[in-house]
Amino acid sequence: MMLGKLPFLQTILSIHAASVDFDSACDNIASQAASIANTTVFFSEVVPAGTNLSFVNPTCDAVGVASSQVTLADMCRVALNVSTSDQSGIAMEAWLPRNWTGRFLSTGNGGLAGCIQYADMAYGAGLGFATVGANNGHNGSSGQPFYNNSEVLEDFVFRSIQTNVLVGKEITKMFYGSPHNFSYYFGCSTGGRQGFQSVQDFPDYFDGVLAGSPGFNFNSLMSYFGRFFEILGTPDSPTFITAEQWSGLIHENVLKQCDTIDGVADGIIEDPNLCDYKPEELICAPGSNSSDCLTATQVEALRQVFSPMYGLHGNLMFPRQQPGGEDTAYVETLYTGGTPISFASDWFHYVVYDPSFNVTKLNLTDYQYAEDLNPFNIATFNGDLSAFKARNGKVIIYHGQADIMISPIETELYYNHVARTMALPPTELDDFMRFFRISGMSHCYAGDGAWQFGQHLSAVGGNLTAENLNPDQNALTALVRWVEEGIAPDTLLGTKYVNDTPELGVEFSRRHCRYPLRNTYDRMGNSSVPESWSCQ
Ligand SMILES: *[C@@H]1O[C@H](CO)[C@@H](O)[C@H](O)[C@H]1NC(C)=O
Ligand SMILES: *[C@@H]1O[C@H](CO)[C@@H](O)[C@H](O)[C@H]1NC(C)=O
Ligand SMILES: *[C@@H]1O[C@H](CO)[C@@H](O)[C@H](O)[C@H]1NC(C)=O
Ligand SMILES: *[C@@H]1O[C@H](CO)[C@@H](O)[C@H](O)[C@H]1NC(C)=O
Ligand SMILES: *[C@@H]1O[C@H](CO)[C@@H](O)[C@H](O)[C@H]1NC(C)=O
Ligand SMILES: *[C@@H]1O[C@H](CO)[C@@H](O)[C@H](O)[C@H]1NC(C)=O
Ligand SMILES: *[C@@H]1O[C@H](CO)[C@@H](O)[C@H](O)[C@H]1NC(C)=O
Ligand SMILES: *[C@@H]1O[C@H](CO)[C@@H](O)[C@H](O)[C@H]1NC(C)=O
Ligand SMILES: *[C@@H]1O[C@H](CO)[C@@H](O)[C@H](O)[C@H]1NC(C)=O
Ligand SMILES: *[C@@H]1O[C@H](CO)[C@@H](O)[C@H](O)[C@H]1NC(C)=O
Ligand SMILES: *[C@@H]1O[C@H](CO)[C@@H](O)[C@H](O)[C@H]1NC(C)=O
Ligand SMILES: *[C@@H]1O[C@H](CO)[C@@H](O)[C@H](O)[C@H]1NC(C)=O
């Protein structure tokens, strides 16, 4: 596909070359940025496109952040420290592309981690954004730095992003000699929560926000993680269910009951809200082979996993898991580790209580206590987005329907909460906030569904081709088009490649609908092509 056939792509890739000499500007920015309050610059250096950068942040690979990244654009890389109090600070980087489009982009983080998402940085800079990322106030994947240091916790909750954005915009202006024209954010999971915290509390920061699988209702999300251990126990518990039982027996039974509700037997439950899964079907008949069935005790545990979590006062704390994601690797971190997942144990050890607390004893009393604690309002559940709407901001949310790390129902609950708080129906919310439900997608990316729609560098196959950047199938460029040209995305076209490998060709593609519309198969067409589906 030629650029010339897509006028919008000429816009997104068009360049406003810095009027200053790039290399000397990159030298100079180190001393210029050092004049920003509370800032220490480590270095600035010109990095050509195609450079394989290495990073030292030892435990970040544990949360899926690679220790190397190939750059996709010529850029000036600036690394600095900004203190946020006398006992806290952020390490941040600005990647300033030679071919700048006049746009600013802030990236987010993941889990409890203090890891710059370098793939997001490379993607943003490759698209011509002046791109910034920070370590969220601490280094590595552990929550230990929060202990006895509420300043570090405050950075994690919101101040790292806030500082990163304010300093990043300043550096962008210093470097190019003119301020950005448009400001964007993108991130997933904790990054989705950080994006929404800006929409809620710092509405003037961004013109456009792309928020994936947001960690809304964060306190109870941590408890929800802890509850899986409470329900399922250690491998010697009668309630324990093995990884093989989850991905084989249970996943197949879920598909048997629910895959064809949407009219297509393709392993994807288009709308898992319609799946009223009945695990009792798996109870072993007397004398039957126990590898093909579960005990009544295991089935009761399974029923609880697929049930909402209520607090001490009957309040809904977190919705049920959606059926359909039992074949993903997250089963092993969430359900079969024989201990509460580290996000939950770190949160209770270092924020809610102290390291002496025995997390294997977590129960409802603790969950309610944690929800009420809500440090720095990390719940991120304010439903009044009127300031963001009034400044003409746009937000695109996406959430995989087979995401078992964060139940996608939570995003529906938040969306409905915004509608009620602002007294606006979905047709009006569509003016500034659109939520796309991505069938068959796991957490942020990957899964059996058509999950590639430009939300991450891996979701363009690492390849910034014109086709991959087409805003009809790229959530990030769709956001830019919405903000700058007023063309809102009706759907997001997702692609599933054979073995997730673009070189092997397209297996199928599907247009994902915005909530509350439901993707509906017309039952006559070829289900592998998007034209056979419509949003109703
Ligand atoms: C980049 O370098 C790392 C080692 O630092 C290596 O493992 C990785 O394969 C390299 N990536 C590419 C694309 O060459
Ligand atoms: C910058 O843009 C020019 C003009 O479009 C292009 O020829 C060049 O390859 C781009 N450079 C980089 C590093 O992206
Ligand atoms: C610098 O950091 C101190 C706290 O260490 C803070 O009070 C002050 O507001 C910061 N200055 C700026 C300009 O952010
Ligand atoms: C960077 O900031 C952190 C946290 O405030 C601090 O511990 C560290 O010493 C700083 N490093 C440098 C080189 O300034
Ligand atoms: C910002 O927009 C103005 C007006 O369209 C344009 O003249 C200018 O080149 C843009 N600046 C950058 C850095 O792209
Ligand atoms: C995090 O790592 C950066 C880069 O290595 C370092 O400068 C900074 O001091 C570290 N921050 C903390 C809080 O240890
Ligand atoms: C944490 O703070 C408490 C009270 O300020 C103090 O008693 C305790 O020793 C501190 N623990 C650590 C590990 O710093
Ligand atoms: C159950 O079935 C498996 C595989 O079908 C077989 O290997 C195993 O021996 C059977 N166990 C019993 C108790 O029949
Ligand atoms: C935590 O509690 C579990 C069971 O309630 C017990 O088996 C374990 O020994 C306890 N761990 C510690 C470190 O006390
Ligand atoms: C939770 O456990 C504590 C003891 O660790 C107990 O006092 C409390 O009653 C329990 N709460 C519930 C709801 O079971
Ligand atoms: C990028 O696209 C080119 C041209 O379509 C293709 O040859 C190459 O294999 C792709 N690279 C990746 C990593 O998908
Ligand atoms: C359905 O569409 C897919 C993708 O275009 C194609 O590969 C397949 O052959 C089609 N199947 C039928 C029965 O036409």
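Counting convention: from 1, in listed order, for ligands and their atoms alike.
- The shortest contact between atom 2 (O) of ligand 4 and any protein heavy atom is with Asn81 ND2, 2.4 Å.
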Let me check something: any side-chain donor-acceptor pairs from residues 111-124 under 3.5 Å, sequence neighbours excluded? List them with distances.
| residue | atom | partner | partner atom | Å |
| --- | --- | --- | --- | --- |
| Tyr118 | OH | Glu93 | OE2 | 2.8 |
| Tyr123 | OH | Gly454 | O | 2.8 |
| Tyr123 | OH | Asn474 | ND2 | 3.0 |

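- For ligand 10, the polar-atom distance check finds an N/O of Thr365 within less than 3.5 Å of one of the ligand's N/O atoms.
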Under 3.5 Å, which donor-acceptor pairs link side chains of residues 222-230 to any protein atom two or more places apart or in another chain?
| residue | atom | partner | partner atom | Å |
| --- | --- | --- | --- | --- |
| Tyr224 | OH | Gln321 | OE1 | 2.4 |
| Arg227 | NH2 | Gln304 | O | 3.0 |
| Arg227 | NH2 | Ser307 | O | 3.3 |
| Glu230 | OE1 | Tyr367 | OH | 2.6 |

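- Counting heavy atoms from C-beta on, the side chains of Glu170 and Leu166 never come closer than 4.5 Å.
- Atoms of ligand 1 lying under 4.0 Å from at least one heavy atom of Ser54, given by number and element, are 5 (O).
- Contact between Ser88 and ligand 4 is present, with at least one heavy atom of the residue lying under 4.0 Å from the ligand.
- Atom 14 (O) of ligand 1 lies below 4.0 Å from at least one non-hydrogen atom of the protein.
- Within the 4.0 Å cut-off (strictly below), a protein heavy atom is located near atom 5 (O) of ligand 4.
- Classification of Lys496 and Glu507 as a salt-bridged pair fails, no side-chain N sitting under 4.0 Å from a carboxylate O.
- There is a protein heavy atom closer than 4.0 angstrom to atom 8 (C) of ligand 1.
- Looking at Asn219 and Asn374, their side chains do bring a donor and an acceptor atom within 3.5 Å of each other.
- Scanning the protein heavy atoms around atom 10 (C) of ligand 1, the nearest turns out to be Asn52 ND2, 2.4 Å.
- Side-chain contact of Thr190 with Asn109: a donor-acceptor pair under 3.5 Å is absent, judged by distance alone.
- At under 3.5 Å, a nitrogen or oxygen of Asn363, whether backbone or side chain, sits near a nitrogen or oxygen of ligand 10.
- In this structure, the ring of Phe146 has its center less than 6.0 angstrom from the ring center of Phe156.
- In this pair, Phe357 and His349 present their aromatic rings perpendicular. The plane angle is above 60°, beyond the 30 to 60° band.
- Within ligand 1, the atoms closer than 4.0 Å to a non-hydrogen atom of Val70 are 13 (C), numbered from 1 in the order shown.
- Of all atoms in ligand 4, numbered sequentially from 1 with element shown, those under 4.0 Å from a heavy atom of Phe42 are 12 (C), 13 (C).
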